[in-house]
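Right, one structure below, let's go through it.
Everything numeric here is computed off the predicted structure, so don't read it as measured data. Just follow the structure's listing: the first ligand is 1, and inside any ligand the first atom is 1.
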Amino acid sequence: MSKYIFVTGGVTSSLGKGIIAASLAKLLQSRGLNVTIQKFDPYINVDPGTLNPYEHGECYVTNDGAETDLDLGHYERYLNKPTSSANNVTTGKIYQTVINKERAGAYLGKTVQVIPHITDEIKRRFTLLEEEQPYDVIITEIGGTVGDIESLPYMEAIRQFRREKGAENTLVLHLTLIPYLNAAKELKTKPTQHSVKELLMTGIQPDVLICRTEHPLPKEIREKLALFCNVETGAVIEAIDADTIYDVPLLMLKEKLDKIVIKKLNIKTKNEPDLSVWKDFLGRLKNPTREVTIGLVGKYNELPDAYKSIYESFVHAGSVNECKVKIVPIHSESLIEDVARKLRGLDGILVAPGFGERGIIGKINAIEYVRTNNIPFFGICLGMQCAVVEFSKNVLKLSDAASSETNPHSTNLVIDLMEDQKAITNKGGTMRLGSYPCKITKGSLAHKIYGKLQIEERHRHRYEFNNKFLTSIEENGMKASGINPENNLVEIIEIPSHKFFIGVQFHPELRSTVENPHPIFIHFVKAALAYKFDN
Ligand code: GLN
């Protein structure tokens with residue numbers, strides 16, 4: 001039977017529950033345990049696929065095509081293991097299941113209620129992953145902050161679950177904030193005391209307190225927290241602000257979080273943690289020998305969470321190249337005029353994924369600039385589509401070339417909806433989602449990058465390269481070097497005469513992990529380094 005760890009948050013949001021959960025999972029995994037992490041989000045959307053990045057940051061996509069919370073990205077980056085749709089549950093999903101069952105007559109004659117029907121469905125979902133494969137430990141992160149009305153059914157479900165499974169099989173880890181009052185020069189424990197009280201009101205006594213802090217936690221503070229919150233002093237863990245999120249597993253190791261958890265859950269493992277690959281990665285990350293500057297052209301640049309996986313992929317690729325990758329966010333709406341001046345000094349440009357019309361012209365202008373100046377270019381999803389539009393406009397001289405997403409009345413829809421997408425009106429989960437195969441052309445840049453001819457990558461889009469234009473585009477020098485073998489859709493484009501120009505219809509950033517950095521990011525950083533050296 002799996003052991004269950006629940007991670008709750010108190011005092012404020014954004015304390016980094018996902019990173020703490022992923023770090024603990026990494027430590028347990030490094031001791032040879034089979035671990036997975038799931039996220040339960042208390043909002044009513046069925047999934048975050050219909051939320052915009054201002055609400056929810058990036059939408060992460062799993063191999064099986066689920067649109068999920070961005071924390072699943074951290075889980076995969078840390079554990080180097082794919083997650084699936086079962087790793088992210090929302091209140092919307094819970095209610096949808098219960099309501100569908102009610103309509104089907106599953107509760108015939110009964111009043112359907114939050115307790116027990118909703119809490120039963122939450123508990124069923126707690127253990128779903130265990131049915132797929134045996135795990136030693138399943139970590140469940142509960143979104144939101146303790147005390148939120150929305151999270152009450154989850155707290156009640158945890159209380160019941162602990163009662164059923166027993167103290168030896170379940171553990172609650174509560175992450176809170178210890179603010180530092182500059183005027184008093186003091187760390188304050190009161191918000192944490194209140195937050196634990198809030199948790200106690202739902203019938204849950206936390207076993208471990210993880211305290212986010214800007215300053216080290218002295219012994220007296222730990223003792224005070226232990227006394228007031230009824231936990232062991234050793235189970236008060238300092239989570240001090242770190243230079244990088246990748247430091248956190250080592251900081252947690254130093255605080256002996258893994259040991260405490262193993263002891264409390266009575267887990268049998270003789271192994272000491274083996275973090276050699278992780279430490280190697282960190283060593284290279286922290287001691288770069290050179291630096292490149294990459295422009296990230298997108299429309300959410302005030303919001304780094306919107307491009308979370310792209311930023312992290314550059315961290316991984318930078319470490320491989322022993323190179324600091326400085327990302328300069330460039331707002332696509334600002335690239336209407338004076339483009340050359342605004343893009344000066346960059347060693348490479350990545351044009352980001354996105355939806356809708358806003359910022360499209362700036363993306364196309366940026367691509368024209370890098371294409372004609374031989375500056376390394378990497379386009380992801382919408383970025384690839386914009387590269388095809390730019391090439392069609394400026395090289396094929398199709399002045400109204402466009403994607404039907406932005407200009408459905410154009411006579412040259414070089415990017416268009418697939419037939420089977422045209423009849424779809426529902427927005428939730430109806431894009432081309434998840435992992436698809438792609439066949440790579442021998443001798444292409446893509447071949448050099450991947451070192452193989454058959455790959456699988458994750459998708460999230462409705463529009464596609466329009467194969468009606470394939471011949472004329474290829475005759476003019478842009479090649480389709482990656483094709484879906486099942487339906488001939490173009491997945492990768494490149495310009496062989498250019499130093500480094502690649503656009504991909506899929507999302508490579510969703511597959512980059514610490515132990516398995518993505519090859520396109522690695523080679524893009526290499527190309528940027530070469531460009532910098534030459535110029
Ligand atoms: N909006 C484009 C499409 O739906 C691209 C999506 C994306 O960049 N993820 O095809």
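In this model, no donor atom of one side chain and acceptor atom of the other lie less than 3.5 Å apart for Tyr300 and Glu58.
More than 12 heavy atoms of other shown residues, nucleotides or ligands fall within 6.0 angstrom of atom CG in Leu251.
Between Tyr43 and His56, the ring-plane angle classifies as perpendicular under the 30° and 60° cut-offs. The aromatic rings of Trp278 and Tyr78 are tilted relative to each other, their planes meeting at an angle between 30° and 60°.
In the vicinity of His461, heavy-atom distances shorter than 4.0 Å reach the ligand 1 atoms 3 (C), 4 (O), 6 (C), 10 (O). The atoms of ligand 1 that sit less than 4.0 Å from any heavy atom of His507 are 9 (N).
Backbone and side-chain nitrogen or oxygen atoms of Leu382 are examined, and one is located within less than 3.5 angstrom of a nitrogen or oxygen of ligand 1.
With a 4.0 Å cut-off on non-hydrogen atoms, Gln385 touches ligand 1 through its side chain and not its backbone.
Tyr246 and Leu282 get closest at one heavy-atom pair: O-CD1, 3.6 Å.
Among all protein heavy atoms, the one lying closest to atom 5 (C) of ligand 1 is Gly354 O, 3.3 Å. Here the protein heavy atom with the shortest distance to atom 10 (O) of ligand 1 is Tyr463 N, 2.8 Å. Scanning the protein for heavy atoms near atom 7 (C) of ligand 1, the closest one is Cys381 SG, 3.0 Å. Arg460 O, 2.9 Å is the protein heavy atom nearest to atom 9 (N) of ligand 1.
Pairs engaging residues 388-397 under the salt bridge (Lys or Arg N to Asp or Glu O under 4.0 Å) rule: Arg371-Glu390 [sequence neighbours left out].
Considering His459, Arg462, Glu405 only, the shortest heavy-atom separation from atom 4 (O) of ligand 1 involves Arg462.
When each of Phe521, Phe500, Phe501, Phe314 is checked for a ring pair (Phe, Tyr, Trp, His ring centres under 6.0 Å) with Phe378, only Phe521 meets the rule.
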